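Down below is the structure, laid out as structure tokens.
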Amino acid sequence: MFVKTASVYGRSRQQFGHAADYSVIIPGMSTPAPAERAARLRQEIQQHSHRYHVLSAPVISDAEYDALYKELQALEAQYPELVTPDSLTQRVGGAASEKFEKVRHPAPILSLSNAFSTDEVRAWFERVARLDDRVRGAGFVVEPKIDGLTVVLHYENGAFVRGATRGDGEVGEEVTPNLRTVRSLPLRIPVTGKRKPPKRWVVRGEAVIFTKDFEAMNARLAEAGERTFVNPRNTASGALRQLDPKLTAARPISLLCYAVVDAEGLALDTQWATLETLREFGFPVTSAARRFADLEAAIAYCESWNDKRDSLDYEIDGMVIKIDDLRLAADLGFVGKDPRGAIAFKFPAREVTTALNDIGVNVGRTGVLTPFAILEPVEVGGVTVRQATLHNFDYIAEKDIRIGDRVLLKRAGDVIPYVIGPVLEARTGDERPYKPPQKCPTCGEAVEQPEGEVAYYCINAACPDQLIRNIEHFVGRGTMDVEGFGSKIAEQVVKAGLVKDAADIFSLTDKKLLTLEGFAGKKAENLLASIEAARSRPLARLVAALGIHGVGEVLAADLAAQLGSMDALQHASDEDLVAIEGVGPNTAATIADWFARPGNKRLLNKLKKAGVWPTVEVRPGAAAGGPFAGQTFVITGTLPDFSREQARAFIEERGGKVTDSVSKKTDYLVVGEAAGSKLTKAQALGVKIIDEAALRELGNID
DNA sequence: GATCCTCGAGTTCG
DNA sequence: CTCGAGGATC
């Protein structure tokens with residue numbers, strides 16, 4: 001019999017996915033011995049470390065690397081006899097590559113131990129406080145943990161003379177000419193005020209690409225039809241390791257500094273003073289650093305940034321808590337290579353890699369086939385993701401996504417995760433390219449790709465999945481709004497044969513519903529009451545509910561307002577339709593076509609008989625003279641007191657218009673908590689940005 | 001004819 | 001939120 005390895009090691013299975021040398025199924029065998037496991041971990045970590053530091057081509061994410069590292073640390077803590085002098089926990093793996101001159105750092109460029117929860121931070125504090133009583137009265141500085149490339153900058157008598165990458169922490173690569181192209185790097189420390197630049201001064205900083213610069217750069221590249229970059233960190237790292245500084249200069253690299261590695265002629269006692277002095281000397285320093293007298297306040301500050309991380313100009317993967325007193329911090333010493341005087345409080349990773357196990361296909365209510373990725377479950381942005389949309393089949397081909405690939409998965413400020421692309425370096429050759437299906441995955445009928453369109457369609461009108469989606473849409477919130485009628489029930493009633501088209505929901509009875517699973521008690525009664533209430537929905541909603549391709553909420557409302565009744569719409573000519581703003585020849589033809597189909601005619605007759613047939617539509621009078629007359633608004637994020645709908649109503653009542661996407665024609669962007677890419681776009685376009693309070697202020701009708 | 005804009009459609013997890 | 005497509009606009 002075949003058994004999987006025990007769950008303790010199950011985690012590594014998903015981290016390595018298909019990696020061929022990493023067998024997870026061992027015939028009738030127990031878990032590997034700790035010594036074997038440690039050796040294997042060391043080998044893996046060494047390999048990944050080399051890829052990361054030397055090749056700048058990691059195949060696993062930082063979070064996964066951290067997890068491996070932690071596992072090895074834990075294993076070595078449990079079995080100290082396993083610790084070898086060459087273990088990576090004793091010495092940082094990877095060495096400087098041959099391309100550049102090597103520079104020995106004046107002092108080791110240390111990394112930090114990580115905490116993934118507030119309790120781990122408290123445990124760290126207790127550990128160091130037991131070592132040294134002074135810690136109990138210590139203050140802390142909290143800074144963002146900037147996700148960039150560590151650089152070490154040497155100054156002599158105020159002049160920038162040398163710059164290096166971190167390398168293995170002892171020896172880095174000299175990339176001075178490249179660093180000189182970084183605009184925010186001071187080439188000379190200015191002699192201002194009372195302080196003279198120190199004789200020697202070695203600064204540690206992080207080379208980053210600001211999010212807005214990164215997006216602008218990618219937008220330019222996309223426009224020019226060139227390949228875009230995957231993320232700011234890899235781009236910055238690659239750019240700094242170019243042999244030709246001109247290539248570096250072409251990338252919008254910035255710098256943020258946070259430590260002094262070595263100094264002569266100026267001594268600093270605290271981290272806070274270090275940051276202030278760096279600022280005073282003209283080095284770019286984060287504005288998000290704060291000083292705290294006690295740990296709990298520091299922890300609270302860390303946590304507050306988890307939600308706000310998008311509001312920073314640069315990417316961070318956590319916060320760092322440092323004991324402010326640098327002498328005390330130094331006295332505490334090290335654990336392995338990690339100083340005890342500071343800890344990194346890591347946020348859940350938002351970009352991870354995982355294995356793409358397969359590609360599935362969904363059928364939408366219009367028959368569109370949408371591929372989705374079936375992923376080895378991974379934690380990203382705090383939730384476990386198993387699936388992600390792949391948008392369409394062109395997307396798969398363009399990104400060259402293959403089954404069995406390791407893929408980079410992102411869950412940005414938004415909620416929905418998506419696959420950025422394959423990790424080419426992790427290819428083993430066993431990946432299979434994907435071909436769009438020739439048959440509908442649910443009904444088996446042939447699929448069609450209309451000329452000039454990207455999408456493939458299942459054209460079988462009787463396709464069961466299409467019907468289920470269609471019913472879901474009909475009863476959905478934006479359309480007929482039948483409370484308590486969700487996708488589960490839609491599937492049940494269709495599969496039981498109770499509903500063959502949307503009109504059938506109005507002939508559902510107690511008796512019929514009670515035959516379904518889970519319909520005991522008052523559930524059927526409640527559902528029927530909700531359906532009853534939906535009979536009298538206004539025309540606009542019914543039109544949207546029909547699911548005519550290309551007719552959504554907005555167009556349906558326009559059609560309803562112009563034509564006034566279901567009868568008028570049903571018999572409208574092409575000419576009548578094209579006269580309506582937003583309807584062109586294509587949409588008009590689609591609408592007329594829909595009404596001409598026999599199945600749809602039957603549906604309409606049934607609806608009419610069921611009394612679902614609105615005849616009068618009154619357009620809500622737009623307040624022409626309101627304070628927002630002629631102005632366009634876009635709402636993003638979560639507003640403090642208004643719901644989306646309330647905010648929309650507030651604006652519309654005052655004559656304003658609310659749209660979904662920011663453009664040059666947008667007058668105001670109303671921002672709430674956790675605003676996403678719309679904010680960035682609005683800033684780029686110079687659109688006025690207001691919050692809810694300002695909106696209320698502007699809309700005050702006095 | 002090209003460009004900008006708006007709308008629609010599908011979407012993840014808890 | 002993302003992408004594609006149709007419509008409006010210059």
Side-chain angles (χ1 to χ4, degrees), chain A residues 215 222-223 310 348 350 354 360-375 377-396 398-399 409-420 449-458 465-466 468-470 472-473 476 478-479 486-487 543-559 577-591 632-638 644 657-667 674-681 685 687:
Chain A
E215 280 164 10
E223 208 167 310
D310 284 319
R350 295 197 299 189
T354 189
V361 177
N362 275 326
V363 185
R365 77 182 155 81
T366 57
V368 179
L369 302 185
T370 311
F372 63 95
I374 299 168
L375 304 162
V378 285
E379 183 87 0
V380 49
V383 298
T384 307
V385 172
R386 290 155 232 276
Q387 280 191 11
T389 179
L390 291 169
H391 304 299
N392 58 58
F393 297 103
D394 272 15
Y395 188 85
I396 298 174
E398 244 163 59
K399 306 258 169 181
L409 188 72
K410 188 173 181 169
R411 192 167 174 267
D414 60 334
V415 203
I416 295 162
Y418 66 103
V419 173
I420 302 174
Q449 185 181 33
E451 174 112 12
E453 270 194 54
V454 167
Y456 286 70
Y457 290 84
C458 164
D465 258 24
Q466 270 188 66
I468 294 169
R469 295 287 120 71
N470 196 1
E472 268 176 50
H473 172 73
T479 52
S487 55
V543 174
L546 295 176
I548 304 168
H549 194 33
V551 180
E553 252 174 274
V554 176
L555 252 186
D558 286 346
L559 289 170
L577 293 169
V578 174
I580 295 165
E581 183 157 312
V583 181
N586 283 310
T587 314
T590 315
I591 296 171
T632 306
F633 293 75
V634 174
I635 308 166
T636 185
T638 315
R644 274 292 170 99
K657 205 178 150 195
V658 180
T659 64
D660 258 347
S661 53
V662 177
S663 71
K664 272 190 284 189
K665 288 191 180 167
T666 311
D667 294 291
S677 66
K678 282 181 194 168
L679 179 57
T680 325
K681 189 165 178 201
L685 291 172
V687 170

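Predicted model only: the values in this text are computed from it and were never measured.
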For A:P417 against A:A388, the heavy-atom pair lying closest together: O-CB, 3.8 Å
Which protein N or O atoms sit under 3.5 Å from an N or O of nucleotides 6-10 of chain C?
unit_1, atom_1, unit_2, atom_2, d
C:dG6, O3', A:T587, OG1, 3.1
C:dG7, OP1, A:G584, N, 2.8
C:dG7, OP1, A:G584, O, 3.1
C:dG7, OP1, A:N586, N, 3.4
C:dG7, OP1, A:T587, N, 2.9
C:dG7, OP1, A:T587, OG1, 2.7
C:dG7, OP2, A:N586, ND2, 3.0
C:dA8, OP1, A:G582, N, 2.9

Looking only at the side chain of [X] (C-beta and beyond, no hydrogens), which of the listed nucleotides [options] gets closest?
X: A:V554; options: C:dG4, B:dA9, B:dG8; result: B:dG8
X: A:T384; options: B:dG14, B:dG10, B:dT12; result: B:dG14
X: A:V454; options: B:dC4, C:dG4, B:dA9; result: C:dG4
X: A:H391; options: B:dC4, C:dT2, B:dT12; result: C:dT2
X: A:V385; options: B:dC4, B:dC13, B:dG10; result: B:dC13

Sequence neighbours excluded, every pair satisfying side chain to side chain donor-acceptor pair (under 3.5 Å) that has a member inside residues 578-589 of chain A: none
Would one find a side-chain N or O of [X] under 4.0 angstrom from OP1 or OP2 of [N]?
X: A:H549; N: B:dG8; value: no
X: A:N392; N: C:dC3; value: no
X: A:R365; N: B:dG10; value: yes
X: A:N362; N: B:dT11; value: yes
X: A:R386; N: B:dT12; value: no

Partner set under side-chain contact (heavy atoms from CB on, under 4.5 Å) for A:A373, not counting sequence neighbours: A:L356, A:L375, A:L390, A:V419
Counterpart residues, side-chain contact (heavy atoms from CB on, under 4.5 Å), relative to A:T659 (two or more places apart): A:T632, A:V634, A:K657
Rounded distance (Å) that lies between atom P of B:dA9 and atom CD of A:E553: 11 Å
Distance in angstrom units between A:E379 CD and B:dC13 C1', rounded: 11 Å
Touch class at under 4.0 angstrom, heavy-atom based, for A:I548 against every strand present: sugar-phosphate
Donor-acceptor contact present, side-chain A:Q466 to main-chain A:C458, <3.5 Å: yes
Listed partners of A:F372 passing ring pair (Phe, Tyr, Trp, His ring centres under 6.0 Å), at least two apart: none
Which residues share a ring pair (Phe, Tyr, Trp, His ring centres under 6.0 Å) with A:H391, sequence neighbours left out: A:Y395
